[in-house]
Amino acid sequence: MPEQVELSRGAVAVIDTAGRACQAGVFVDGAPRAALRVEMVHGQAEALIPLLQQALAEAGVAFADLAAVVATVGPGSFTGLRVGLAAAQGLGLAADCPVVGVSSPAAWAMTLGGPLRVILDTRRGDAFVQDFSADGLPLAEAAVMPLAEARAAPEGLRLGGDIGGDAAPSLSGVFAAAGVAAHRRPPLPAYLRAADAVPLATPPRCT
Amino acid sequence: MIVLGIETSCDETAAAVVTGEREILANVIATQIAEHRPYGGVVPEIAARSHLAHIDAVLRRALADAGIGIGGIDAVAAAAGPGLIGGVLVGVTAAKAIAAARGIPFVAVNHLEGHALTPRLTDDVPFPYLLLLTSGGHCQSLIVRGPGDYTRLGTTIDDAAGEAFDKAAKMMGLAYPGGPQIERWAETGDARRFSLPRPMLHAPGFDFSFSGLKTAVRQALDRLPGDPTDADIADLSASFQAAVTETLCGRLAPAAAAFREACPAGRCLVVAGGVAANRTLRAALETLAAKSGLAFVAPPIKLCTDNGAMIAWAGVERLRAFGGDPLDFKPRPRWPLDAAAPKARGAGVKA
């Protein structure tokens with residue numbers, strides 16, 4: 001189970017494609033050995049695997065020696081999450097190691113430090129929002145709300161996230177969040193909305 | 001050579017393990033039909049979500065069925081287009097990650113080439129052959145000369161044949177996917193009751209058209225005195241299936257003659273793609289092949305609809321011919337088999 005995966009020993013690959021960047025890094029015994037980041041809105045499907053190879057090469061770690069893979073699960077870019085999580089699952093299978101998903105707002109909270117409200121642009125005119133305490137623990141579930149409402153944070157919480165212009169949390173923030181049980185998730189996307197589809201008015205006739 | 005093949009370009013999450021000696025060691029298909037059926041067709045966002053939710057289990061199941069570990073795989077192939085990009089990304093990225101982690105080749109397979117080369121996996125058909133590729137997204141006749149070597153003879157200028165099945169079924173209130181539904185209703189129907197057109201039957205060239213047929217189904221339904229009865233549905237299904245079959249065969253007959261002329265050594269007419277699962281069409285194509293002096297080859301139905309084995313096999317063939325592809329390969333939502341073919345009138349993405 002991901003809850004029990006120990007990340008402070010051995011080599012851990014870290015992937016983040018939930019925001020406006022493609023990131024791949026390697027941590028060994030809890031310390032960063034490689035952290036690569038290329039800011040981009042599109043193109044992660046092409047960029048991620050070569051970036052990951054480069055990160056492992058810089059860290060001097062072989063894929064077969066990975067003890068775990070960490071990847072952000074959003075909420076975030078729909079396409080980016082397909083790429084990052086499919087890569088993480090493929091790596092987990094091929095390197096025979098566990099895959100740990102981590103909440104993106106938590107990765108931002110670990111990057112920026114609390115107390116804060118993490119606001120992530122959905123690129124659909126509203127925002128993903130989650131509040132964190134001074135010790136980086138969530139004060140509420142993540143939610144979708146209009147940007148103006150998101151900016152009216154409760155007193156004592158500063159604003160953070162990609163609305164400030166940063167493309168993505170740091171890989172150290174992602175890795176730190178993955179070390180906290182409350183921030184771990186299954187390695188599948190965190191969706192805050194149902195799929196955009198309307199069922200048929202009349203149920204179809206079957207043979 | 002043992003190749004893992006991954007297919008995620010439409011509504012099946014599939015993985016298979018195939019050897020260079022044409023053995024299928026595993027062929028796992030997780031279909032999303034039940035997830036899409038309430039919407040009357042494939043919903044791209046639902047498909048993209050579902051592929052990611054199922055890919056890991058499908059891959060592990062394929063390896064378990066094959067009785068080998070990931071270490072026994074020599075290369076990994078994935079359908080890299082054409083198709084719904086949200087799903088294609090999932091299969092391609094998982095494949096690239098496995099290839100990188102194992103240090104084995106990655107092969108980016110054109111989904112259509114997977115269908116096109118399937119008769120070589122199932123029946124060892126020699127090049128060149130004439131192919132009717134007919135599915136929900138495509139309808140083309142092609143000369144297949146080798147991996148990556150295709151000459152398009154005809155293509156649809158509007159809907160694909162499978163798309164016409166789906167749309168006609170939807171109009172009749174039948175469930176998605178329409179092909180199998182219409183085929184079942186047609187079994188008890190009278191194919192002569194409704195007079196439906198055979199579009200472009202006598203036009204020059206080899207192109208197909210199904211849009212007018214769809215309109216004729218709409219008009220036939222509108223002319224009924226009330227809601228269609230079961231008998232109406234059965235008769236219209238049979239009439240529609242007959243019209244599609246005659247249209248496909250009518251347009252393929254001159255293509256077969258052109259193929260014989262261009263490739264005197266060619267011996268086979270092959271059908272592939274999801275619509276090739278239709279038994280009435282298979283029977284009619286067998287007759288057409290015999291009349292044209294060609295042997296008829298139709299893969300088993302399970303290998304006509306989308307599957308991972310066809311991707312793994314195309315991976316085998318491409319690896320032998322060209323080697324692997326780079327790990328920064330960009331998936332291609334549009335990817336014609338014959339890139340040099342002229343743009344067909346109105347054909348858009350389906351050419």
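Every heavy atom of this structure was used, including side-chain atoms; hydrogens, water molecules and symmetry mates were not. Protein chains get the first letters and strands the later ones, always in sequence-line order, with residue 1 at the start of each.
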Does any part of the side chain of [Y], heavy atoms only, come nearer than 4.5 Å to the side chain of [X], both counted from C-beta?
X	Y	result
A:L200	B:P38	no
B:R49	A:R82	yes
A:D96	B:I70	no

Where on [X] is there a heavy atom nearer than 4.5 Å to chain B: the side chain, the backbone, both, or neither?
X	value
A:Q53	side chain
A:I49	side chain
A:L188	side chain
A:L51	neither

Measure the [atom1]-[atom2] distance between [X] and [Y] for me, rounded to the nearest 0.5 Å.
X	Y	atom1	atom2	value
A:L48	B:L89	CG	CG	11.5 Å
B:R60	A:Q89	CZ	CD	8.5 Å
B:L327	A:E46	CG	CD	12.5 Å

Hey, which of [options] has the most heavy atom pairs under 4.5 Å with chain B?
options	value
A:A94, A:G92, A:A87, A:A88	A:A94
A:A194, A:A47, A:A95	A:A194
A:L85, A:L91, A:V83, A:D196	A:V83

Counting heavy-atom pairs under 4.5 angstrom with chain A, the leader among B:G41, B:P326, B:A100 is B:A100

Decide if atom [atom1] of [X] counts as having more than 12 heavy atoms of other residues, nucleotides or ligands within a radius under 6.0 Å.
X	atom1	answer
A:R193	CZ	yes
B:D222	CG	yes
A:R9	CZ	no
A:R151	CZ	no

- Is B:R102 close enough and on-axis enough to A:F63, meaning under 6.0 Å and within 45°, for cation-pi?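 Judged by the rule (NZ or CZ under 6.0 Å from the ring centre, within 45° of its axis), B:R102 is not positioned above A:F63.
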
Heavy-atom closest contact (A:A86 atom, B:L52 atom, distance):
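Shortest heavy-atom separation between A:A86 and B:L52 comes out as N-CD1, 3.7 Å.
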
Heavy-atom cut-off 4.5 Å, strictly under: side chain, backbone, both or neither for [X] against chain A?
X	answer
B:L63	side chain
B:I73	neither
B:V43	side chain

Ignoring hydrogens and geometry, is there a side-chain-to-backbone donor-acceptor pair from B:K330 to A:G43 under 3.5 Å?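 Not a single qualifying donor-acceptor pair exists.
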
